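So the structure is just underneath, and the comments pick up after that.
Computed from a predicted model, the values in this text were never measured in an experiment. Computed from heavy atoms alone, side chains included, the values below leave out hydrogens, waters and symmetry copies.
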Amino acid sequence: MNILLLGSGGREHAIAWKISKSKDLKKLFIAPGNTGTSLIGENINLNTTNFEEIEVFIRMKKIDILIVGPENIIVKGIYDYLKPKFSDLVIIAPSKEASLLEGSKKFAKAFMQRNHIPTAKYKSFQQHELKEAFSYLESMEPPYVIKADGLAGGKGVVILDTITEAKSEIKNMLERKKFGKASEQILIEEFMSGVELSVFILTNGLDYKLLPCAKDYKRIGEGDKGLNTGGMGAVSPVPFVNSEYINKIEKTIIKPTIEGFKKENINYTGFIFFGLIDVKGTPKVIEYNVRLGDPETQVVLPRIESDLVEILKKINTNEFKSCDLKIKKSYCTSVILTSNGYPEKYKTGYQISGLDSFTETDLLFHAGTKINKDKITTNGGRVLAVSSYGEKLEESINKAYKKVDKIYFEGMYFRKDIGLDLIVK
Ligand code: AMP
Ligand code: GLY
């Protein structure tokens, strides 16, 4: 199989790493890729949102499977563009309509309502409905959850304690178009309190395979304090998610989602990332993502024992249903190393030392790095993801931090509490 993977983050390095182990792989291309992916495949300088460029490359290199990492390419409609042009190409990305599950929070909420999928109560408002938005807000209890409808680079959700702040944020979004087009429409949502978890499936819209679940750590500071980031670490599996709880998630959330696709003729081939929250024993949906998570992928894929390419190549055939997805028993923990200042302003270009002590069996995923005159330097906010297995959760955490200790660059920052809240004493 010739495979083209789009994206350039730690998630894409982890996907490339898993693909590179397949016995079915002939050639792996990554566009644009990163330092890590260049070690296991061929990085290609393509503009990933220029679908004509991608089409030409797919033809030229006889690509069999296209895997799309980030949501912006999916939401822009890569599936709809390529599908009519290549009948045999497997595209791991859902249709433009299905991608609205992530691209429009209003679409996702309405889908959940129609299909009786548990989620927070909400209402949506447009610019001319400021009065209505304020009066709905007054009927809610604090904290107030305000969301821009469209993609806002992970910044579109604001949670505020006072009604004055909430009203001002609504004005910022609707009137001052804080997030441009993305906040021309907003949602006001009931606040849900509980532990969050990320659940992943691979689906062809009819059947699905359940991937390992994970918990990510979104805030920059220890104890979940400070600004939201792309993710500072992750662990898999999540100890409280036993088989009974997974059954509940499948019955109340995953199966109704797939049934919803069938009923509504929604075309979906790819991964779904269910952002869930446990509200006193009941799993509810915070959001859908139409892709894998970052950094969850850096702990989820290492726990998959099966050959992923073998499953992906069958995804649009009758054989997909009977494919066996084997999952390792071990825990996996990933710690993200960031540049000082991230998620706000930071400097790059610092040399990273200690990487030569890592071997092929270590799970080291690059995100924001660059090769500069034979030296690896920092080149982004999230720089590296250091993952490790362990028989027990505590062991995987300790091993990941031991490996982190071997790495150094100026301004290197990481959270020291990844996974610690999940250790059952
Ligand atoms: P999202 O961009 O939808 O993932 O939201 C970002 C984060 O905001 C989530 O991971 C939650 O921590 C939080 N969040 C979103 N919606 C709610 C809600 N209704 N209740 C509580 N927290 C929420
Ligand atoms: N880790 C959260 C995300 O990928 O959106």
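- Side-chain contact check for Ile58 versus Lys85: every heavy-atom pair is 4.5 Å or farther apart.
- Formation of a donor-acceptor pair under 3.5 Å by the Tyr268 side chain with backbone atoms of Phe271 is found in this model.
- To the nearest 0.5 Å, atoms CD (Glu55) and CG (Leu46) are separated by 12.5 Å.
- Just one of Ile78, Ile67, Ile92, Thr49 meets the side-chain contact (heavy atoms from CB on, under 4.5 Å) condition when paired with Leu6; it is Ile78.
- Using modelled atom types, no side-chain atom of Arg291 and backbone atom of Pro70 make a donor-acceptor pair closer than 3.5 Å.
- In this structure, Thr333 contributes its side chain and Ser388 its backbone to no donor-acceptor pair below 3.5 Å.
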Does Ile246 form a side-chain contact (heavy atoms from CB on, under 4.5 Å) with Val241? I'd like the steps, not just the answer.
CA-CA 6 Å; Ile246 277 288; Val241 184; 3.5 Å; yes
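- Here the side chains of Thr297 and Lys18 are not in contact, with every heavy-atom distance at 4.5 Å or above.
- At least one test fails for Lys399 against the ring of Tyr389: distance under 6.0 Å to the centre or angle within 45° of the axis.
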Return a table of donor-acceptor pairs under 3.5 angstrom between the side chains of residues 298-308 and protein atoms on other chains or two or more places apart.
| residue | atom | partner | partner atom | Å |
| --- | --- | --- | --- | --- |
| Gln298 | NE2 | Asp294 | OD1 | 2.8 |
| Arg303 | NE | Ser330 | O | 2.7 |
| Arg303 | NH1 | Ser236 | OG | 2.9 |
| Arg303 | NH2 | Lys328 | O | 2.8 |
| Ser306 | OG | Asp324 | O | 3.2 |
| Ser306 | OG | Lys326 | N | 2.5 |
| Asp307 | OD1 | Ser22 | OG | 2.8 |
| Asp307 | OD1 | Val309 | N | 3.1 |
| Asp307 | OD1 | Glu310 | N | 3.3 |
| Asp307 | OD2 | Ser22 | OG | 3.0 |
| Asp307 | OD2 | Lys23 | N | 3.2 |

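- For Lys370, the NZ atom is loosely surrounded, since the number of other residues' heavy atoms within 6.0 Å does not exceed 12.
- Using modelled atom types, no side-chain atom of Tyr79 and backbone atom of Thr269 make a donor-acceptor pair closer than 3.5 Å.
- Under the 3.5 Å distance criterion, with hydrogens and angles disregarded, no donor-acceptor pair is assigned to the side chains of Thr348 and Asn379.
- Using modelled atom types, no side-chain atom of Lys313 and backbone atom of Met1 make a donor-acceptor pair closer than 3.5 Å.
- A salt bridge links Glu169 with Lys178: the closest approach of a Lys/Arg side-chain nitrogen to an acidic carboxylate oxygen falls below 4.0 angstrom.
- Proximity of Met112 to Lys109: side-chain heavy atoms (C-beta onward) are separated by under 4.5 Å at one or more points.
- Checking side-chain atoms of Asn204 against main-chain N and O of Ile315 turns up a donor-acceptor pair under 3.5 Å.
- For the atom pair CD of Glu250 and CD1 of Ile258, the computed distance is 10.5 Å after rounding to the nearest 0.5 Å.
- Proximity of a side-chain donor or acceptor of Lys248 to a complementary backbone N or O of Thr282 within less than 3.5 Å is not detected.
- Shown here is Lys329, whose NZ atom has no more than 12 heavy atoms of other residues, nucleotides or ligands within 6.0 Å.
- A heavy-atom distance below 4.5 Å is found between the side chains of Glu184 and Lys177.
- Here the OG atom belonging to Ser183 is positioned 11.0 Å from the NZ atom belonging to Lys181, to the nearest 0.5 angstrom.
- Here the CD1-CD1 distance, from Ile272 to Ile254, works out to 8.5 Å after rounding to the nearest 0.5 Å.
- A donor-acceptor distance shorter than 3.5 angstrom exists from the side chain of Glu12 to the backbone of Gly9, with no hydrogens or angles considered.
- Put simply, the side chain of Asn115 reaches to within 4.5 Å of the side chain of Lys263, judged on heavy atoms.
- With a 4.5 Å cut-off on side-chain heavy atoms, Phe320 and Ile311 count as touching.
- Lys147 has no carboxylate O lying under 4.0 Å from a charged side-chain N of Glu287, or vice versa, which leaves the two without a salt bridge.
- Under the 4.0 Å criterion applied to side-chain N and carboxylate O atoms, Asp421 and Lys215 are assigned as salt-bridge partners.
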For Tyr288 and Phe274, run ring pair (Phe, Tyr, Trp, His ring centres under 6.0 Å): C-alpha distance rounded to whole Å, both residues' side-chain angles, the deciding distance at 0.1 Å, then the answer.
CA-CA 5 Å; Tyr288 284 107; Phe274 299 85; 5.6 Å; yes
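- For residues 6-50, the ring pair (Phe, Tyr, Trp, His ring centres under 6.0 Å) pairs, not counting sequence neighbours, are His13-Phe365, His13-His366, Trp17-Phe365, Phe29-Phe57.
- Under the 30°/60° scheme for interplanar angles, the aromatic rings of Phe51 and Tyr81 are found to be tilted.
- Lys225 is not listed as a side-chain neighbour of Arg219, based on a closest heavy-atom distance of 4.5 Å or more.
- Checking side-chain atoms of Asp216 against main-chain N and O of Ala234 turns up no donor-acceptor pair under 3.5 Å.
- Asp88 has no carboxylate O lying under 4.0 Å from a charged side-chain N of Lys62, or vice versa, which leaves the two without a salt bridge.
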Is there a salt bridge (charged side-chain N to carboxylate O under 4.0 Å, His left out) between Asp64 and Lys27? Walk through the geometry before answering.
CA-CA 10 Å; Asp64 301 293; Lys27 179 94 190 171; over 6 Å; no
Intermediate values then yes/no, ring pair (Phe, Tyr, Trp, His ring centres under 6.0 Å), Phe261 and Phe111
CA-CA 9 Å; Phe261 292 166; Phe111 175 85; 5.7 Å; yes
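- Under the 4.5 Å side-chain criterion, counting only non-hydrogen atoms from C-beta, Glu395 is not in contact with Tyr331.
- Rounded to the nearest 0.5 Å, atoms OG1 (Thr378) and CG (Leu337) are 11.5 Å apart.
- For Asn50, the CG atom counts as densely surrounded, since its 6.0 Å shell holds more than 12 non-hydrogen atoms of other residues, nucleotides or ligands.
- Under the 3.5 Å distance criterion, the side-chain polar atoms of Asp207 are left unmatched by any main-chain donor or acceptor of Lys321.
- Between Phe240 and Tyr245, the ring planes are perpendicular. Angles over 60° get that label, and only those under 30° would be called parallel.
- Of the inter-residue distances, the one linking Ile73 atom CD1 with Thr48 atom OG1 reads 3.5 Å to the nearest 0.5 angstrom.
- We find that Lys105 and Glu189 are not joined by a salt bridge, their nearest charged nitrogen and carboxylate oxygen being 4.0 Å or further apart.
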CA sep, side-chain torsions, deciding dist, call: Lys284, Thr119, side-chain contact (heavy atoms from CB on, under 4.5 Å):
CA-CA 5 Å; Lys284 295 192 179 187; Thr119 186; 5.6 Å; no
So Ile220 and Tyr413, side-chain contact (heavy atoms from CB on, under 4.5 Å) or not? Walk me through it.
CA-CA 9 Å; Ile220 189 74; Tyr413 171 80; 3.8 Å; yes
